[in-house]
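Protein chains get the first letters and strands the later ones, always in sequence-line order, with residue 1 at the start of each.
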Number of protein chains: 2
Amino acid sequence: MARAPAAPVADVSVDLIRAAGVKVTRGRVRVLDALHAARQPLSHAEMEMRLDEGSEPAMDRVTLYRILDSLVACGLALKAVDTRGVFRFSAAGAQRQHANHVHFRCTDCGGVFCLKAEPPPPPRLPRGFRLNELAFDLRGTCAGCSSREAV
Amino acid sequence: MARAPAAPVADVSVDLIRAAGVKVTRGRVRVLDALHAARQPLSHAEMEMRLDEGSEPAMDRVTLYRILDSLVACGLALKAVDTRGVFRFSAAGAQRQHANHVHFRCTDCGGVFCLKAEPPPPPRLPRGFRLNELAFDLRGTCAGCSSREAV
DNA sequence: GCTACAAATGCAACAAGGTTGCGTTTACTG
DNA sequence: CAGTAAACGCAACCTTGTTGCATTTGTAGC
């Protein structure tokens, strides 16, 4: 062993935040750490619960909203809406790889499958419209649910 | 001619609601009519405004929520979440014609715009996967919100 | 290390969207 | 036409998210 340094210096989140050109605050580090530790996008409420579990004092509700938005603004996190209409946040690195391909979403199990195909080029937009993002989603039944249905 | 009966009996919405096996109330008919007349999915707020324009007395906020949910429950309407996290409703029949073209979703106002373009052909699916629906969504800022931003 | 300033935080209040409970009215059944 | 379950209106409440302002804190420059 003898590998762990005296202080936890090698904090990935700190470096990322600094590199993004914004202030490195305890709140931002905690939140970004939590986003990186999560395997699914987290809602504000879920994030609040996770932060409460730690030893540090609870963070203000509004501050958490602002931290999440600031992480999105500087490209370290992504914001999306879930089926209930609630915003969910995820670490940006986790999804960069999802930006440029097609997804299959199973309407039975909710699973998301990445297809190898590239998304098609966007059609021409009416005057004044600005494109930010492109989602080509196929919905249907995945192989597992299909065979289970057949029973 | 001589086809039109004395009373406005040929109300499509009334027949649909009756056929769905739920009570035919004035509220439900008004809402379903509005959904059929709309070319885009409507939010609760937009629906409220449209109903206010008519001559009939305004409908209670909660009642509108319940009517919309009841129409969804009996299959006459569809409920989806827009990019701002607000629920939008559309007539169930209308959705079939939306199945086969491209949508632009404004991340500012949540509006949904139908583009003239046809969706691209689906890529090949892995064995066992069954395709039901195909959604090619573009996200960005619509013309209205773009110009408003520029001010 | 100290200072100054902008950025970040905490708090209170607010706003929009949506839900629940309950008493009253209304559409359908017999 | 009476009885009943469903639908309605109202009030209150909840969750999610935002705004304004005073205070604290991170960081650049000395």
Any side-chain heavy atom of B:Thr141 within less than 4.5 Å of one from A:Phe129?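 They are not in contact (no side-chain heavy atoms under 4.5 Å apart), so the answer is no.
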Any side-chain heavy-atom pair of A:Leu71 and A:Leu35 under 4.5 Å: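 They are in contact (side-chain heavy atoms under 4.5 Å apart), so the answer is yes.
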Could you tell me which residues satisfy side chain to side chain donor-acceptor pair (under 3.5 Å) with B:Ser43, sequence neighbours excluded, listed by chain and number? none
Can you measure B:Leu64 atom CG to C:dT19 atom P for me and round it to whole angstrom units?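 Whole-Å distance recorded here is 12 Å.
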What string of B, S and - do you get for nucleotides 23-28 of chain C 5' to 3' if you count protein non-hydrogen atoms under 4.0 Å? ---BBS
Short heteroatom pairs, N/O only, protein and nucleotides 12-18 of chain C, under 3.5 Å:
residue	atom	partner	partner atom	Å
C:dG18	OP1	B:Phe87	N	2.9
C:dG18	OP2	B:Tyr65	OH	3.4
C:dG18	N7	B:Arg61	NH1	3.4
C:dG18	N7	B:Arg61	NH2	3.0
C:dG18	O6	B:Arg61	NH2	2.7

Of all the heavy-atom pairs spanning [X] and [Y], show the shortest one and how long it is.
X        : Y        : value
B:Cys106 : B:Cys142 : SG-N, 3.4 Å
A:Val14  : A:Val29  : CG2-CG2, 3.8 Å
B:Ser70  : B:Ile67  : OG-O, 2.8 Å

Please list all pairs meeting salt bridge (Lys or Arg N to Asp or Glu O under 4.0 Å) that have one or both residues in residues 72-88 of chain A, counting only residues at least two apart or in different chains. A:Glu46-A:Arg88, A:Asp69-A:Lys79, A:Asp82-A:Arg84, A:Asp82-A:Arg88
Please name all residues satisfying salt bridge (Lys or Arg N to Asp or Glu O under 4.0 Å) with B:Arg30, sequence neighbours left out, ordered by chain then number.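 With sequence neighbours excluded, B:Arg30 shows a salt bridge (Lys or Arg N to Asp or Glu O under 4.0 Å) to B:Glu56, given in chain and number order.
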I'd like to check the salt bridge (Lys or Arg N to Asp or Glu O under 4.0 Å) partners of B:Arg139; sequence neighbours left out, ordered by chain and number. A:Glu133
Please report, to 0.1 Å, the donor-acceptor pairs under 3.5 Å made by any side chain of residues 19-27 of chain B, with sequence neighbours excluded.
residue	atom	partner	partner atom	Å
B:Thr25	OG1	B:Arg28	N	3.3

Checking A:Asp60 now: which residues fulfil side chain to side chain contact (heavy atoms under 4.5 Å, CB included) with it, not counting sequence neighbours?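 Partners of A:Asp60 by the side chain to side chain contact (heavy atoms under 4.5 Å, CB included) criterion, ordered by chain and then number, come out as A:Val62, A:Thr63.
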Taking 5' to 3' order, which nucleotide of DNA chain D is first and which is last to have an atom within less than 4.0 Å of a heavy atom in chain A?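 From 5' to 3', the first and last contacting nucleotides are D:dT16 to D:dT27.
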Pair listing, ring pair (Phe, Tyr, Trp, His ring centres under 6.0 Å) test, anchored in residues 25-45 of chain A, at least two apart: A:His44-A:Tyr65
Taking five pairs at each terminus, the helix from C:dG1-D:dC30 to C:dG30-D:dC1 shows an axis bend, to 10°, of 40°
